[in-house]
Amino acid sequence: MGKPMTPAQIELVAERFKALAEPARLRILQALRDGELSVSELIQATGLGQANLSKHLQVLYGAGFVSRRREGVSILYRLGDADVLQLCQLVCGCLERDAKRRLKAASPQRG
């Protein structure tokens, strides 16, 4: 399982998880899974307003989950750390297993 985290590492991990603890940010990451998008494309893909999107992009950028580059007057965003999608899939797998376990526990036992 690896060695225990130091207090400093625990704080860093908690900060990264905080950045992911917002559904709008997860929608942004999902929108970027197939490649980079402009702000206007992200607005369309996520349904977020420009101010709200910019706020969330700043948090994701600060956490290293997205990177950006300027192209003319546009800023293009892309995943800065593709491993974040694997983390999301890991959590989804845990949720599916938990749902199946709960369903099985709630089902009447046949004997």
Side-chain angles (χ1 to χ4, degrees):
M1 182 146 226
K3 60 184 177 178
M5 292 187 290
T6 66
Q9 289 171 323
I10 289 170
E11 290 298 319
L12 291 171
V13 170
E15 283 300 313
R16 288 189 61 124
F17 276 118
K18 273 194 241 178
L20 296 176
E22 169 61 50
R25 293 182 198 136
L26 295 174
R27 287 199 307 271
I28 292 167
L29 294 172
Q30 287 298 304
L32 293 172
R33 73 181 305 127
D34 293 324
E36 65 183 13
L37 296 172
S38 67
V39 171
S40 59
E41 291 169 321
L42 281 168
I43 289 170
Q44 281 190 326
T46 63
L48 297 170
Q50 185 169 355
N52 200 14
L53 176 68
S54 293
K55 176 184 77 168
H56 291 303
L57 283 170
Q58 193 60 38
V59 171
L60 291 170
Y61 179 78
F65 290 126
V66 299
S67 59
R68 61 187 177 206
R69 71 179 177 89
R70 184 173 293 279
E71 187 173 282
V73 295
S74 296
I75 298 177
L76 299 173
Y77 287 87
R78 65 186 172 281
L79 291 175
D81 183 355
D83 288 343
V84 70
L85 296 179
Q86 290 179 326
L87 178 60
C88 292
Q89 289 300 318
L90 180 65
V91 172
C92 286
C94 291
L95 292 172
E96 288 173 14
R97 285 190 302 277
D98 187 52
K100 286 177 184 176
R101 182 185 55 77
R102 289 174 189 250
L103 185 61
K104 185 177 180 180
S107 297
Q109 300 295 323
R110 295 186 181 187

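Just so it is clear, the values below take in all heavy atoms, side chains as well, and ignore hydrogens, waters and symmetry mates.
- In this model, no donor atom of one side chain and acceptor atom of the other lie less than 3.5 Å apart for Ser74 and Glu71.
- Annotation: Gln50, atom CD; neighbour count of heavy atoms from other residues, nucleotides and ligands within 6.0 Å does not exceed 12.
- Taking all atoms of both residues into account, the shortest heavy-atom contact from Arg78 to Arg68 is NH1-C, 4.2 Å.
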Can you check side chain to side chain contact (heavy atoms under 4.5 Å, CB included) on Lys55 and Asn52, steps first, answer last? CA-CA 5 Å; Lys55 176 184 77 168; Asn52 200 14; 3.5 Å; yes
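- Minimum heavy-atom separation, Leu42 to Ala31: CD2-CB, 3.9 Å.
- Closest non-hydrogen pair, Tyr77 versus Val39, comes out as CE1-CG2, 3.8 Å.
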Step by step, would you call Arg33 with Gln30 a side chain to side chain donor-acceptor pair (under 3.5 Å)? CA-CA 5 Å; Arg33 73 181 305 127; Gln30 287 298 304; 2.7 Å; yes
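- Under a cut-off of 6.0 angstrom, the local environment of CD in Gln44 is sparse, with at most 12 non-hydrogen atoms contributed by other residues, nucleotides or ligands.
- Shown here for Ala19 and Val59, the closest heavy-atom pair between the two residues is CB-CG1, 3.9 Å.
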Decide yes or no on side chain to side chain contact (heavy atoms under 4.5 Å, CB included) for Leu48 and Ile28, but give the supporting numbers first. CA-CA 9 Å; Leu48 297 170; Ile28 292 167; 4.0 Å; yes
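- The heavy-atom pair separating Thr46 from Arg27 by the smallest distance is O-NE, 3.6 Å.
- At a threshold of 4.5 Å between side-chain heavy atoms, the hydrophobic network of Ile, Leu, Val, Met, Phe, Trp and Tyr places Leu76 and Leu53 in two separate groups.
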